[in-house]
Asker: 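Sharing a structure below in structure tokens format, with a few things to ask.
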Amino acid sequence: MNKPQPPSTSNFIKQIIDADLASGKHKSIVTRFPPEPNGYLHFGHAKSIALNYGLAQLYGGKCNLRFDDTNPEKEETEYVESILEMVKWLGYDYGTALYASDYFDFMYRAAELLISEGHAYVDSQSAEQVQLNRGSFSEPGKNSPDRDRKIDDNLTLFREMRDGQHADGTHVLRARIDMASPNINMRDPTLYRIKRATHHRTGDKWCIYPMYTYAHPIEDAVEGVTHSLCTLEFEDQRPFYDWLLGKLADGGLLKRPLPQQIEFARVNLTYVVLSKRKLIQLVAEGHVDGWDDPRMPTLAGARRRGYTPEGFKLFAERIGVSKANQVIEFSVLEDCMREHLNEVAPRRMAVLDPVKLVIENYPQGQEEMMEVPNHPQKPDWGKRQVPFARELWIEREDYQEVPVKGYFRLFPGNTVRLRYAYVVKCIGYDKATDTVRCEVLADSRSGTDGANKYKVKGNIHWVSVKHAHEAHVHLYDRVFKESLAQGLEHLNPDSKRTIAARLEPSLREARQDAAVQFERHGYFVADSSDASTFNRTVSLRDTWATANSP
RNA sequence: UGGGGAGUCGCCAAGUUGGUUAAGGCACCGGAUUUUGAUUCCGGCAUUCGUAGGUUCGAGUCCUACCUCCCCAGCCA
């Protein structure tokens, strides 16, 4: 299927890059994906990853995977490993992962340079005083009494801070900019704090750690990042980003051209919550079964659910990038997954809500093998043998005692085709045994010449009772029932249902990473922690059901 | 309240220097094909660009005022 690709549309970031390349400011581009290893990656990160790596690929540049590990209290190796694994799963080759902590020495030297040139000072106010003196939206801040400390004294104090001679919280290094700036981020932001915490990589080497605000621009510059893409909430930070890098370049520590920070809107999805606080709550309070629960909007959960990297890439392209706050309908993500899965998932038959069907004129004890294509649109995928017999499981909703208008499946007197097998006529339903009664029509076996003379609208799947593989199937629904879910009060109590299904025998050997389509149902994968159960990734579109639901 | 952003079809999103009928995708609605009420295919889907004025032969694009929404006062990122 090589249908025309949608024209890759322009966006404001590409335009900036195009201009920078055209003007000769950069010969090639470098982007970066800079997670803090303090949690698990989620759908929002997938957008950022696709954006950064996608741009690098498009322009023949490169994208660094860099851990922004400047706050040892919140970061752990476990998260580093999980992030690495998920980026790889998404299909991006990050080469060697980089760490902000590898630049701690450089950052320290840069801080001394700033102090030496009068651009930074050690502030010995308490945190409360600092906050008080910062002012507010309507009032300018007040200068710290330490703001005019002598350079040498600043240097001495800062070194003592580094050497562990001062207690946590007693001093802080601040940039010396403008306490009256209308942009609060420019009111002498904090650069370094004293924090006696063991870092997951540098151990106890340091007891002072740089703040994000200070560290991030330096990380970008050191790596030669050309375009530093981040989310909208950092817009107010950009003046400081430029201020810092400018000072360090003036001081000879950094080379121009300097990286440019560009902000874009983060993605929001209906029925999904992405804030770390709320995700933690879901896990901690047991509303889901862990961070990789298939209902979680984490990449680990997505993988287990059967979502695919290709689906995420499609999603990223489809939602685009801009500065307007986007709230994407969750169905867009689902549709992206369907689009990819439709191409790669072999078809199988599975009855999820079984009711017995008996073909009364089919010989007792007789069995036949039916030839069933693995993908009707892809004959080269071959066929498989599926056993057929007198007693079958069919879907309960494929029979109606009194059919609603437009219903063309089984009801007394109607004929349907048992997919890839025979055409049968419904003769009734036996209440005592909960069995749908049918008789097979002569000469109607699928694949034979006679089969085509029967024109039936209904076409239902089945599984032989005798040969059925019984397995559990998890049916997942959205975790939140409100489209703009805020919290637990919007929880969907039925987000997970487990059913005992009857599967065609070939499903006994399902691979855990291989998607299959249960025909007329949706896409499923064997669960990664329990291969005998299947997870529903996403259902098929069902215009009949949606049109007939209340 | 000061500062920084954003407002184009139900949801995204092109539209850059003002110039014929406002891209495209998703959704939706028709219709065709179909042994998945799936897929695929074909057709339809904004006299209008947050609002109100103004400039102009001509404005989503320029000017003015206003409205709405988001972000910022961590020694978090």
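Residue numbers start from 1 in every chain, and the chains themselves are labelled A, B, ... in the order their sequence lines are given, proteins ahead of strands. Everything numeric in this text was worked out from a predicted model, so none of it was measured.
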Asker: From B/U36, B/C75, B/G2, pick the nucleotide closest to the side chain of A/R419?
Answerer: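 So the nucleotide nearest the side chain must be B/U36.
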Asker: Both A/D236 and A/R520 contact RNA chain B. Which one's nearest nucleotide lies toward the 5' end?
Answerer: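 By nearest-heavy-atom nucleotide position, the 5'-most residue is A/D236.
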Asker: Are A/H199 and A/F104 an aromatic pair by the rule of ring centers under 6.0 Å?
Answerer: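 Between A/H199 and A/F104, the centre distance is under 6.0 Å.
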Asker: May I ask you to verify whether the side chain of A/R347 and the base of B/U36 hold a donor-acceptor pair under 3.5 Å?
Answerer: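 Looking at the base of B/U36, it does pair with a donor or acceptor on the side chain of A/R347 (distance under 3.5 Å).
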Asker: Between B/A32 and B/U17, how far is it from one C1' atom to the other, in whole Å?
Answerer: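 Those two atoms are separated by 46 Å.
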Asker: Just name whichever nucleotide pairs with B/A23, Watson-Crick or G-U, keeping both distances under 3.5 Å, else none.
Answerer: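 Result: none.
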Asker: Give A/G39 one of three labels, base, sugar-phosphate or nothing, depending on what nucleic acid heavy atoms sit under 4.0 Å from its own.
Answerer: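 It contacts nothing in the nucleic acid.
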Asker: Have a look at A/E233 and say if it touches a base, only the backbone sugar-phosphate, or nothing, with a 4.0 Å heavy-atom cut-off.
Answerer: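 It contacts sugar-phosphate atoms only.
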Asker: Decide if the gap between the ring center of A/F264 and the ring center of A/F12 is smaller than 6.0 angstrom.
Answerer: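 Centroid distance A/F264-A/F12: not below 6.0 Å, so no.
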Asker: Over all strands shown, is A/Q125 touching base, sugar-phosphate only, or nothing at heavy-atom distances under 4.0 angstrom?
Answerer: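 Base, at least one base heavy atom under 4.0 Å.
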Asker: Answer yes or no for this row: A/Y212 ring on B/A77 base, centroids under 5.5 Å, planes under 30°.
Answerer: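 By the stated criterion, A/Y212 and B/A77 do not stack.
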Asker: Base, sugar-phosphate or nothing for A/F408? Non-hydrogen atoms, less than 4.0 Å.
Answerer: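 Base contact.
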Asker: A/M211 has a side chain; which of B/C76, B/A38, B/C71 sits nearest to it?
Answerer: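 Side chain of A/M211 sits closest to B/C76.
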Asker: NA contact type, A/Q326, heavy-atom cut-off 4.0 Å: base, sugar-phosphate, or nothing?
Answerer: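 It contacts sugar-phosphate atoms only.
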Asker: Which value, in whole Å, describes the distance between the C1' atoms of nucleotides B/C70 and B/A65?
Answerer: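 Going atom to atom, C1' in each nucleotide, I get 22 Å.
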Asker: Over how many whole Å does the gap from A/K323 atom NZ to B/G15 atom C1' extend?
Answerer: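 The answer, rounded to whole Å, is 18 Å.
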Asker: For the residue pair A/P376 and A/R347, what are the closest heavy atoms and their distance?
Answerer: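 Scanning both residues, the minimum pair turns out to be CD-CG, 3.6 Å.
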Asker: Decide yes or no, distance alone: a donor-acceptor N/O pair under 3.5 angstrom between the base of B/U40 and the side-chain of A/Q377.
Answerer: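 No pair found.
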Asker: Would you confirm whether A/T270, through its side chain, and A/F330, through its main-chain N or O, come within 3.5 Å as a donor-acceptor pair?
Answerer: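 The answer is yes, because a donor-acceptor pair under 3.5 Å joins these two groups.
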Asker: If you count heavy atoms of other groups shown closer than 6.0 angstrom to NZ of A/K425, is the number above 12?
Answerer: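 12 or below, so no.
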Asker: Checking side-chain contact (heavy atoms from CB on, under 4.5 Å) between A/R162 and each of A/R159, A/E160, A/Q165, which is the one that passes?
Answerer: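 Looking at A/R159, A/E160, A/Q165, the match for A/R162 under the side-chain contact (heavy atoms from CB on, under 4.5 Å) is A/R159.
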Asker: Which is true for A/E263 with a 4.0 Å heavy-atom rule: it touches a base, it touches only sugar-phosphate, or it touches nothing?
Answerer: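 A/E263: no heavy atom of the nucleic acid under 4.0 Å.
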Asker: What is the base-pairing partner of B/C69, counting Watson-Crick and G-U wobble geometry with both distances under 3.5 Å?
Answerer: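 Here B/C69 is engaged in a pair, and the nucleotide opposite it is B/G5.
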Asker: Taking OP1 and OP2 of B/U36, is either one under 4.0 Å from a side-chain nitrogen or oxygen of A/R417?
Answerer: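 For A/R417, the contact criterion (side-chain N or O under 4.0 Å from OP1 or OP2 of B/U36) is not met.
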Asker: Side chain of A/A324: nearest nucleotide among B/G37, B/A6, B/A73?
Answerer: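 Of the candidates, B/A6 comes closest.
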Asker: Is the backbone of A/Y108 close enough, under 3.5 Å, to the side chain of A/Y192 for a donor and an acceptor to pair up by distance?
Answerer: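 Yes, because the side chain of A/Y192 sits within donor-acceptor range (under 3.5 Å) of the backbone of A/Y108.
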Asker: May I ask you to say what A/I328 touches in the nucleic acid, namely base, sugar-phosphate or nothing, with a heavy-atom cut-off under 4.0 Å?
Answerer: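 Sugar-phosphate: the residue A/I328, judged by heavy atoms under 4.0 Å, touches backbone atoms but no base.
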Asker: Looking only at the side chain of A/F137 (C-beta and beyond, no hydrogens), which of the listed nucleotides B/C72, B/A14, B/U36 gets closest?
Answerer: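 For the A/F137 side chain, the nearest candidate turns out to be B/C72.
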Asker: Contact class for A/A127 vs. all strands (heavy atom < 4.0 Å): base, sugar-phosphate, or nothing?
Answerer: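 The answer is base, as A/A127 lies within the cut-off (heavy atoms under 4.0 Å) of a base atom.
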Asker: So does A/T9 get a side-chain nitrogen or oxygen closer than 4.0 Å to the phosphate oxygens (OP1/OP2) of B/A14?
Answerer: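 No, A/T9 has no side-chain N/O under 4.0 Å of OP1/OP2 on B/A14.
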Asker: Measure from the side-chain heavy atoms of A/N185 and tell me the nearest of B/C72, B/G15, B/C76.
Answerer: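 Closest of the options to the side chain of A/N185: B/C72.
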Asker: Determine: side-chain N/O of A/R318 to OP1/OP2 of B/A14, distance under 4.0 Å, yes or no.
Answerer: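 For B/A14, neither OP1 nor OP2 has a side-chain N or O of A/R318 closer than 4.0 Å.
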Asker: Considering every strand and a 4.0 Å limit on heavy-atom distances, what is the contact class for A/E73: base, sugar-phosphate, or nothing?
Answerer: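 A/E73: no heavy atom of the nucleic acid under 4.0 Å.
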Asker: Taking only the P atom of each, what is the distance from B/A14 to B/C9 in whole angstrom?
Answerer: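 Pairwise P distance, B/A14 against B/C9, rounds to 13 Å.
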Asker: Using purine N1 to pyrimidine N3 plus N6-O4 or O6-N4 for Watson-Crick, or N1-O2 and O6-N3 for G-U wobble, both under 3.5 Å, which nucleotide pairs with B/A38?
Answerer: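 Answer to the pairing question: none, since B/A38 forms no Watson-Crick or G-U pair.
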Asker: Regarding A/D335, tell me which of base, sugar-phosphate or nothing describes its non-hydrogen contacts under 4.0 Å with the strands shown.
Answerer: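 It contacts sugar-phosphate atoms only.
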Asker: Tell me yes or no: between the side chains of A/R32 and A/H216, is some donor less than 3.5 Å from an acceptor?
Answerer: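 Indeed, the side chains of A/R32 and A/H216 share at least one donor-acceptor pair under 3.5 Å.
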Asker: Tell me what A/V456 touches on the nucleic acid: a base, only sugar-phosphate, or nothing, going by heavy atoms under 4.0 Å.
Answerer: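 Here A/V456 touches no strand at all.
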Asker: Does B/G50 count as syn, meaning its glycosidic angle lies within 90° of 0, or as anti?
Answerer: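 Anti conformation here, the glycosidic angle of B/G50 being more than 90° from 0.
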Asker: What nucleic acid atoms does A/R541 come within less than 4.0 Å of, heavy atoms only: base, sugar-phosphate, or nothing?
Answerer: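 Sugar-phosphate contact only.
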Asker: Give a yes/no on whether any side-chain N or O of A/S322 is located under 4.0 angstrom from OP1 or OP2 of B/A13.
Answerer: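 Checking A/S322 against B/A13: at least one side-chain N or O falls below 4.0 Å of OP1 or OP2.
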Asker: Write down the distance separating the P atoms in B/A38 and B/A27, rounded off to the nearest Å.
Answerer: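 Comparing P positions in B/A38 and B/A27 gives a spacing of 13 Å.
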Asker: Within the 4.0 Å heavy-atom criterion, would you say A/T70 contacts the bases, only the backbone, or no part of the nucleic acid?
Answerer: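 Sugar-phosphate, backbone atoms only, no base.
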Asker: When you measure from the centre of the six-membered ring of A/Y99, is the NZ or CZ of A/R201 closer than 6.0 Å and no more than 45° off the axis?
Answerer: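 That pair qualifies as a cation-pi contact.
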Asker: Which of these nucleotides, B/U36, B/G37, B/U1, is closest to any side-chain atom of A/S138?
Answerer: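 Closest of the options to the side chain of A/S138: B/U1.
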Asker: Heavy atoms under 4.0 Å, any strand shown: does A/N11 hit a base, just sugar-phosphate, or nothing?
Answerer: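 Sugar-phosphate contact only.
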Asker: Please give the distance between the C1' atoms of B/G5 and B/G18 as a whole number of Å.
Answerer: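 About 25 Å, rounded to a whole number of Å.
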Asker: Ignoring hydrogens and angles, tell me if any N or O in the side chain of A/R193 forms a donor-acceptor pair with the backbone of A/P210 under 3.5 Å.
Answerer: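 Judged by distance alone, yes, a pair lies under 3.5 Å.
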Asker: Look at the side chain of A/N183 and the base of B/G4, then say whether one donor and one acceptor between them are separated by less than 3.5 Å.
Answerer: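 Such a pair does not exist between side chain and base.
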Asker: Using the P atom in both, what is the distance from B/U21 to B/U47, to the nearest Å?
Answerer: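 It comes out at 15 Å once rounded to the nearest Å.
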Asker: Which comes earlier along RNA chain B counting from the 5' end, the contact point of A/S124 or that of A/Q15, where each point is its nearest nucleotide?
Answerer: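 Its nearest nucleotide being more 5', the pick is A/Q15.
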Asker: As a test of reading the structure: which of B/C76, B/G15, B/A38 is closest to the side chain of A/T543, going by heavy atoms?
Answerer: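 Among B/C76, B/G15, B/A38, the one nearest the side chain of A/T543 is B/A38.
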Asker: Partner lookup for B/G58, please. Criteria are Watson-Crick or G-U wobble with both distances under 3.5 angstrom; report none if nothing qualifies.
Answerer: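 B/G58 is unpaired by these criteria.
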Asker: Rounded to whole Å, please give me the gap between CZ in A/F12 and C1' in B/U61.
Answerer: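 Distance check: A/F12 CZ to B/U61 C1' gives 19 Å.
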Asker: Using the C1' atom in both, what is the distance from B/U56 to B/C63, to the nearest Å?
Answerer: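 Approximately 12 Å lies between the C1' atom of B/U56 and that of B/C63.
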Asker: From the options B/C26, B/U36, B/A77, select the nucleotide whose nearest atom is closest to the side chain of A/F234.
Answerer: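 Selected nucleotide (nearest to the side chain): B/A77.
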Asker: For atom P, what is the distance between B/G74 and B/C11, given to the nearest Å?
Answerer: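 Each nucleotide's P atom is 35 Å from the other's.
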Asker: Look at the side-chain N and O atoms of A/R193 and state whether any lies under 4.0 Å from the OP1 or OP2 oxygen of B/A77.
Answerer: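 Yes, because at least one side-chain N or O of A/R193 sits under 4.0 Å from OP1 or OP2 of B/A77.
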Asker: Could you check how far CD1 of A/I319 sits from C1' of B/C11, rounded to whole Å?
Answerer: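 It works out to 12 Å between those atoms.
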Asker: Roughly how many Å is it from CD in A/E504 to C1' in B/U36, rounded to a whole number?
Answerer: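 Value for this atom pair: 14 Å.
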Asker: Round to a whole Å and report the spacing from NZ of A/K276 to P of B/C76.
Answerer: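 Rounded to the whole Å, the gap is 15 Å.
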Asker: Could you tell me the Watson-Crick or G-U partner of B/G53, where both distances fall under 3.5 Å? Say none if there is no partner.
Answerer: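 Partner of B/G53: B/C63.
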Asker: Look at the side chain of A/V130 and decide which nucleotide, out of B/U36, B/C75, B/G5, has an atom nearest to it.
Answerer: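 Per side-chain heavy atoms of A/V130, the pick is B/C75.
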Asker: To the side chain of A/N71, which of B/C11, B/U36, B/C76 is closest?
Answerer: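 Nearest to the side-chain atoms of A/N71, counting from C-beta on, is B/C76.
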